[in-house]
Amino acid sequence: MATRWLMVILASLIVPGAAALDPPSGSWVRVGESAHFRYYEPSDYQNTPRALTRAQVSIALLRLEVFWELVAPSWDYPKDAQIAYYKFATTEDLHRLTGRKFGDKAASGQGMVFSVHASDPHELAHVLFSPATDQLADFWLEGLARAYAWPWLYCPADRSNCSYQTRLGAWNLYSVHYWAQAALRRGALPRLEELIYGNTRFDQLPLVESYPVAGSFVSFLLDNPGKVQRLKGFLRQSGSARSSAEVLAAFEVHWGQKLSEAETQWRGFLETWNEAALK
């Protein structure tokens, strides 16, 4: 059966009038192209150590296509659209040419990826799932992207064909569950109700807690029956929520249980998580 290829913004989640993302400034050269990606580097990289080799570009494109093939079929994207992938050598270059901080939630979207990495599943996920709404908390946006960002430790740098045992989010060479478990054991795991609406508490957390904790919980949700459809419905409803109470109500509608109940189950899951079993 032919693989179903899908892409771009999930239309039912987009808020009309969301600000479009501008391409980076400067002069860019298309150094590679695949079925669903056009790959760019700044022209002043060419003939310098900053430039990727043809082999490196080919591997990057293959990895991006693998990620798309494994992730996108679950979501309702046009199958003939393409993503422009802009590769920067450093975070300083990214900031200079885009005016954005590396890791800004808006750094990728609208069919474009901005990254210092040759193949960046996290930023690509932001393109594929981008529900452009001010109301949806970063906990959900970053958690979703992190849950779908496979760790490249399953895909060595010198290999172009990656085999993934399962969908498993990653953070700095370990699974998101590893980091969430570590936070739990040192008593630093935040209560989810503090994170589900607005970004104040999420932004106060160290990165080693915020991103992987969000990714761990969303990944835990995605392992339940009816996972993607439930998540789509929940994000749709939560995107227009005007309070934490409305997010909690939406969660109960789409997951059939209270957030506090799901959190208790997730914490129990983390207690028994065995990172060593992944190796």
Side-chain angles (χ1 to χ4, degrees), residues 3 5-9 21 23-24 28-42 45-46 48-75 77 79 81-91 93-94 97-98 100 102-130 141-142 144-176 211-212 215 219:
T3 301
W5 297 93
L6 305 166
M7 203 313 274
V8 174
I9 306 300
L21 186 67
W28 291 81
V29 176
R30 188 189 303 177
V31 295
E33 186 170 354
S34 62
H36 302 95
F37 296 90
R38 292 174 178 168
Y39 203 97
Y40 296 90
E41 285 187 320
Y45 284 13
Q46 304 310 297
T48 75
R50 286 181 155 194
L52 298 179
T53 66
R54 289 185 179 181
Q56 288 172 325
V57 172
S58 295
I59 289 174
L61 286 168
L62 283 167
R63 287 184 171 187
L64 293 170
E65 293 286 359
V66 166
F67 184 84
W68 192 351
E69 180 177 3
L70 291 169
V71 176
S74 299
W75 301 78
Y77 292 27
K79 52 187 175 183
Q82 284 195 319
I83 292 174
Y85 194 101
Y86 292 93
K87 165 67 171 68
F88 302 80
T90 65
T91 56
D93 281 347
L94 189 151
L97 294 172
T98 69
R100 300 173 183 271
F102 177 68
D104 185 323
K105 69 175 181 179
S108 294
Q110 317 289 326
M112 290 181 280
V113 173
F114 299 167
S115 181
V116 298
H117 301 293
S119 51
D120 192 331
H122 182 87
E123 293 300 335
L124 175 54
H126 275 306
V127 174
L128 295 175
F129 308 126
S130 181
L141 292 175
E142 299 297 349
L144 182 60
R146 185 51 52 190
Y148 272 97
W150 275 271
W152 287 136
L153 70 154
Y154 296 146
C155 185
D158 59 349
R159 289 180 53 192
S160 59
N161 58 328
C162 315
S163 61
Y164 300 104
Q165 299 171 4
T166 66
R167 174 192 46 71
L168 181 66
W171 178 267
N172 290 349
L173 300 182
Y174 293 93
S175 77
V176 287
Y211 278 55
S219 184

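From a predicted model like this one, the values you see are computed outputs, not experimental measurements.
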Go through the steps to decide whether Thr98 and Phe88 satisfy the test side-chain contact (heavy atoms from CB on, under 4.5 Å), and finish with yes or no. CA-CA 10 Å; Thr98 69; Phe88 302 80; 3.7 Å; yes

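Listed by chain and number, the residues in a side chain to side chain donor-acceptor pair (under 3.5 Å) with Ser34 are Glu65 (sequence neighbours excluded). Residues forming a side chain to side chain donor-acceptor pair (under 3.5 Å) with Thr48 (at least two apart in sequence, or on another chain): none. Listed by chain and residue number, Tyr86 satisfy the ring-ring contact (aromatic ring centres under 6.0 Å, His included) test with Tyr40 (two or more places apart in sequence, or in another chain).
Taking OG of Ser119 as the start and CD of Gln56 as the end, the distance is 11.0 Å to the nearest 0.5 Å.
The heavy-atom pair separating Ser219 from Ala147 by the smallest distance is N-CB, 3.8 Å. The two residues Thr90 and Tyr45 have their closest heavy-atom pair at N-OH, 4.4 Å.
Side chains of Asp93 and Arg50 form a contact here, defined as non-hydrogen atoms less than 4.5 Å apart. Looking only at side-chain heavy atoms (C-beta outward), Leu64 and Tyr39 come within less than 4.5 Å of each other. In this structure, Val57 and Lys87 have side chains that are not in contact, with every pair of non-hydrogen atoms separated by 4.5 Å or more.
Remark: side-chain polar atoms of Glu41 are paired, donor with acceptor, to backbone N or O of Leu52 under 3.5 angstrom.
Between Trp28 and Tyr85, the ring centre distance reaches or exceeds 6.0 Å.
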